[in-house]
Amino acid sequence: MDLHQLRCFVTAADELHFGRAAQRLEMMPSALGRYIRLLEDDLGTRLLTRTTRSVALTDDGVEFLKQARDLLARADQIASSFRARVRARAATIRVGAIDSAAAGLLPALLHDLRERAPDLAIKLDEDKTIRLLPRLLSGRLDLAFVRPPESADKRLEFMFLFHETAVVAVSERHPLASRTHLTIADIAEEPLIVPERRSRPHSHDLTMKLFAESGLQANVVQIADEKQTIVNLVAAEIGLAIVPRWTSRMPARGVRYMPLGMAAMNRLPLAAAWVRGTRDPARDQILDMLKANLARYALEA
């Protein structure tokens, strides 16, 4: 029995779905099943009953889950405390960020941090929320700026920062590009480019919800995940896209960014996340700076 097997079991027990559990752990479902079978073989009992349609805890699984959680919490606490000791000597903190935070929040935050703590080194890791949160839990990151998930892992703590403003990216050759602002009704018949929900649920759902709340249906013609790809597709007149306002800072010829009506503003949440119950002076210094300057940072979002 090892800690990785325990994490596999606890995640499967939380989700009661091997596909979702494997996604959280960034591994294949077949590998997840293999680790759990090895754990069951080692313990000499079944922890989960699984069919093609359902997963459930056995009586032994319910009892083992409680002790597995306690053991993992203690292991995480030990690891975090020693990482904090090492970081205090090295004066380095590992920060993850989604593209919105990397382009919008972090430049101002890091500028202020350089003045206040010039000896603190920041190692940045830019990726999607779905990949950053597991890195926090595994100890590969100390702090992350993410879209808060609908169902958050209880081992993580989140501090809501602000909502980012949504705008419409339009080709300069499009008839709507001459407008000063747009409403959802204005783009009701237009082809849209949206990200795939699994990788960017907030951005995907933003477009769908804005249309649904207006009693309209989004005309999605293209799925694309990366903001630069979406903007390039807009420039090529494939369709329009609802994107965070910071996207307008990206180099893209032939694209205009149009303000949306007030009802469509401020709908993309940004939060800071870290492992609950851990102490880290460098991380806490960044969080204190965020709280002190949050109103100014939000103006740029």
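Heads up: numbering here begins at 1 and tracks the sequence. Remember, it's a predicted structure, so these values are computed and weren't measured experimentally.
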Test item: [X] and [Y] side chains (from C-beta on) under 4.5 Å apart, heavy atoms:
X: Glu172; Y: Val255; answer: no
X: Val221; Y: Leu192; answer: no
X: Lys128; Y: Arg200; answer: yes
X: Leu287; Y: Leu143; answer: yes
X: Arg7; Y: Leu72; answer: yes
X: Met1; Y: Leu39; answer: yes
X: Lys123; Y: Ile93; answer: no
X: Met208; Y: Val220; answer: yes

Heavy-atom donor-acceptor pair, [X] side chain to [Y] backbone, under 3.5 Å:
X: Ser248; Y: Arg245; answer: yes
X: Arg135; Y: Leu141; answer: no
X: Arg94; Y: Gly139; answer: yes
X: Ser171; Y: Arg173; answer: yes
X: Ser80; Y: Thr278; answer: no
X: Gln5; Y: Asp2; answer: yes
X: Arg69; Y: Val10; answer: no
X: Asp42; Y: Leu38; answer: no
X: Glu157; Y: Trp274; answer: no
X: Thr58; Y: Arg46; answer: yes

Reported [atom1]-to-[atom2] distance for the pair [X] and [Y], which is rounded to 0.5 angstrom:
X: Leu32; Y: Arg37; atom1: CG; atom2: CZ; result: 9.5 Å
X: Leu268; Y: Leu206; atom1: CG; atom2: CG; result: 4.5 Å
X: Thr207; Y: Ile242; atom1: OG1; atom2: CD1; result: 4.0 Å
X: Leu65; Y: Asp14; atom1: CG; atom2: CG; result: 6.5 Å
X: Phe162; Y: Leu294; atom1: CZ; atom2: CG; result: 6.5 Å
X: Tyr297; Y: Leu270; atom1: OH; atom2: CG; result: 13.0 Å

Between [X] and [Y], which heavy-atom pair has the shortest distance, and what is it?
X: Ala97; Y: Ala102; answer: CB-N, 4.1 Å
X: Met258; Y: Arg179; answer: CE-O, 2.7 Å
X: Val275; Y: Leu136; answer: CG2-O, 3.4 Å
X: Pro29; Y: Gly19; answer: CG-CA, 4.4 Å
X: Val167; Y: Pro244; answer: CG2-O, 4.1 Å
X: Phe211; Y: Ala188; answer: CE2-CA, 3.9 Å

Should Asp125 and Arg131 count as an ion pair when the cut-off is N to O under 4.0 Å? no
Could you check whether Arg197 pairs with Glu150 (Lys NZ or Arg NE/NH1/NH2 to Asp/Glu carboxylate O, under 4.0 Å)? yes
Do you know which of Asp127, Leu132, Ile130 makes side chain to side chain contact (heavy atoms under 4.5 Å, CB included) with Ile98? Leu132
Can you establish whether the number of heavy atoms outside [X] located under 6.0 Å from its atom [atom1] is more than 12?
X: Tyr35; atom1: OH; answer: no
X: Asp59; atom1: CG; answer: no
X: Arg253; atom1: CZ; answer: no
X: Met28; atom1: CE; answer: no

Test salt bridge (charged side-chain N to carboxylate O under 4.0 Å, His left out) on Arg283 and Asp142; report intermediate values, then the result. CA-CA 7 Å; Arg283 179 201 66 204; Asp142 307 304; over 6 Å; no
Show your reasoning for whether salt bridge (charged side-chain N to carboxylate O under 4.0 Å, His left out) applies to Arg24 and Asp153. CA-CA 10 Å; Arg24 274 178 54 183; Asp153 193 303; 2.8 Å; yes
Examine the side chains of Thr183 and Asp186 and answer whether a donor and an acceptor come within less than 3.5 Å of each other. yes
Sub-6.0 Å ring centroid separation between Phe64 and Phe9: yes
